[in-house]
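Just below is one structure, and these are the notes that go with it.
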Amino acid sequence: MNKRFSLINSFKCAFKGISFVMRHERNMRIHMVVVLYVAFFSAFYDFTKTETALLIITCALVMIFEILNTSIEVIVDKVSPKYSPLAKVAKDAAAGAVLLSAIMAVAVGAVLFFDIERFKLILLFLGEWTNLLMFMGFSAIAVVFVTSGKRRNIKGKINND
């Protein structure tokens, strides 16, 4: 097999995996929306390169753990379609990793974003009706995005696909 084709195929498979998680996991869509809010509010701050890198890494880790969690859930559902205490432990532990990474992301965000003067600047920005309207429009779209999506079941079939 051609190495170039193999590399391209590897990227295609990786993007299909990310796409699957985005379409089927509500929590991943929530993480994506939060990342967009982080990017928006970051514009009001003068973060250093190090702080910006920390935000990027923190956001990425939460999404990476969500993808790994989905992978573990799918594998466990495939090999153990009926209830199993060990399968439950595997799925709970994977979900716990996502939760822990999200809690740490909130802690990093609190440290980096807590600044009363910046809050005032953000409120002034949102005080203009056009900016507030755009922000509310984005928030409405975000709600639709988060609540839309497909469901997967434990029998190995993907619903609404």
Side-chain angles (χ1 to χ4, degrees), residues 7-77 91-154 157-161:
L7 180 63
I8 290 170
N9 193 44
S10 294
F11 279 105
K12 284 181 182 178
C13 290
F15 283 117
K16 283 180 182 180
I18 294 168
S19 174
F20 178 88
V21 176
M22 288 293 296
R23 288 179 292 136
H24 293 88
E25 297 298 328
R26 181 191 67 232
N27 289 348
M28 182 62 147
R29 293 189 299 276
I30 291 170
H31 299 317
M32 289 300 298
V33 168
V34 169
V35 167
L36 292 174
Y37 279 113
V38 166
F40 172 78
F41 288 115
S42 291
F44 293 94
Y45 291 78
D46 298 320
F47 289 135
T48 64
K49 286 182 181 182
T50 303
E51 290 168 331
T52 301
L54 180 60
L55 277 176
I56 292 168
I57 291 167
T58 302
C59 292
L61 282 174
V62 173
M63 291 186 294
I64 290 165
F65 278 115
E66 187 65 50
I67 291 169
L68 291 173
N69 178 52
T70 301
S71 300
I72 291 168
E73 287 178 350
V74 169
I75 291 167
V76 167
D77 289 344
K91 292 170 86 171
D92 289 351
V98 177
L99 178 61
L100 188 57
S101 69
I103 290 169
M104 293 300 107
V106 168
V108 168
V111 169
L112 293 178
F113 283 100
F114 188 79
D115 181 339
I116 299 299
E117 294 306 313
R118 297 296 174 167
F119 292 162
K120 290 177 185 176
L121 184 63
I122 293 168
L123 289 175
L124 283 174
F125 176 81
L126 293 176
E128 294 183 30
W129 72 272
T130 53
N131 295 338
L132 181 60
L133 190 61
M134 285 191 302
F135 187 78
M136 290 172 58
F138 172 78
S139 296
I141 292 168
V143 168
V144 171
F145 174 70
V146 166
T147 57
S148 67
K150 301 173 182 178
R151 298 178 59 89
R152 62 183 166 81
N153 65 34
I154 64 169
K157 295 180 183 176
I158 307 303
N159 296 329
N160 302 320
D161 222 7

For residues Asn131 and Leu126, report the shortest heavy-atom separation together with the two atoms involved. O-CD2, 4.2 Å
Hey, could you give me the CG/CH2 distance between Leu132 and Trp129, rounded to the nearest 0.5 Å? 10.5 Å
Would you say that Asp46 contacts Arg118 through its side chain, given a criterion of any heavy-atom pair below 4.5 Å between the two side chains? yes
Mind listing the side-chain donor-acceptor pairs of residues 52-65 below 3.5 Å, one per line with the distance, residues two or more places apart or on another chain?
| from | atom 1 | to | atom 2 | distance (Å) |
| --- | --- | --- | --- | --- |
| Thr52 | OG1 | Thr48 | O | 3.0 |
| Thr58 | OG1 | Leu54 | O | 2.6 |

Scanning both residues in full, the closest heavy-atom pair of Lys91 with Val76 reads CD-CG1, 3.7 Å
Listed partners of Arg26 passing side-chain contact (heavy atoms from CB on, under 4.5 Å), at least two apart: Arg29, Ile30, Val146
Do other residues, nucleotides or ligands put more than 12 heavy atoms under 6.0 Å from Met22 CE? yes
With sequence neighbours excluded, residues passing side-chain contact (heavy atoms from CB on, under 4.5 Å) with Ile116: Phe114, Phe119, Lys120
Please examine the side chains of Phe40 and Phe135, heavy atoms only from C-beta on, and report whether any two atoms are closer than 4.5 Å. yes
Tell me, please, which residues at least two apart from Ser71 pass side chain to side chain donor-acceptor pair (under 3.5 Å). none
Residue pair Ala94 / Asn69: nearest heavy atoms and the distance that separates them: CB-OD1, 3.1 Å
Does Tyr45 have any ring-ring contact (aromatic ring centres under 6.0 Å, His included) partners at least two apart in sequence or in another chain, and if so, which? Phe47, Phe113
Can you tell me how far apart OG (Ser42) and CZ (Phe44) are? Round to the nearest 0.5 Å. 10.5 Å
Distance col, row Met28:CE vs Thr70:OG1, nearest 0.5 angstrom, shows 7.5 Å
Name all pairs fulfilling the salt bridge (charged side-chain N to carboxylate O under 4.0 Å, His left out) condition that reach into residues 60-74, sequence neighbours left out, sorted by first residue then second. Glu73-Arg152
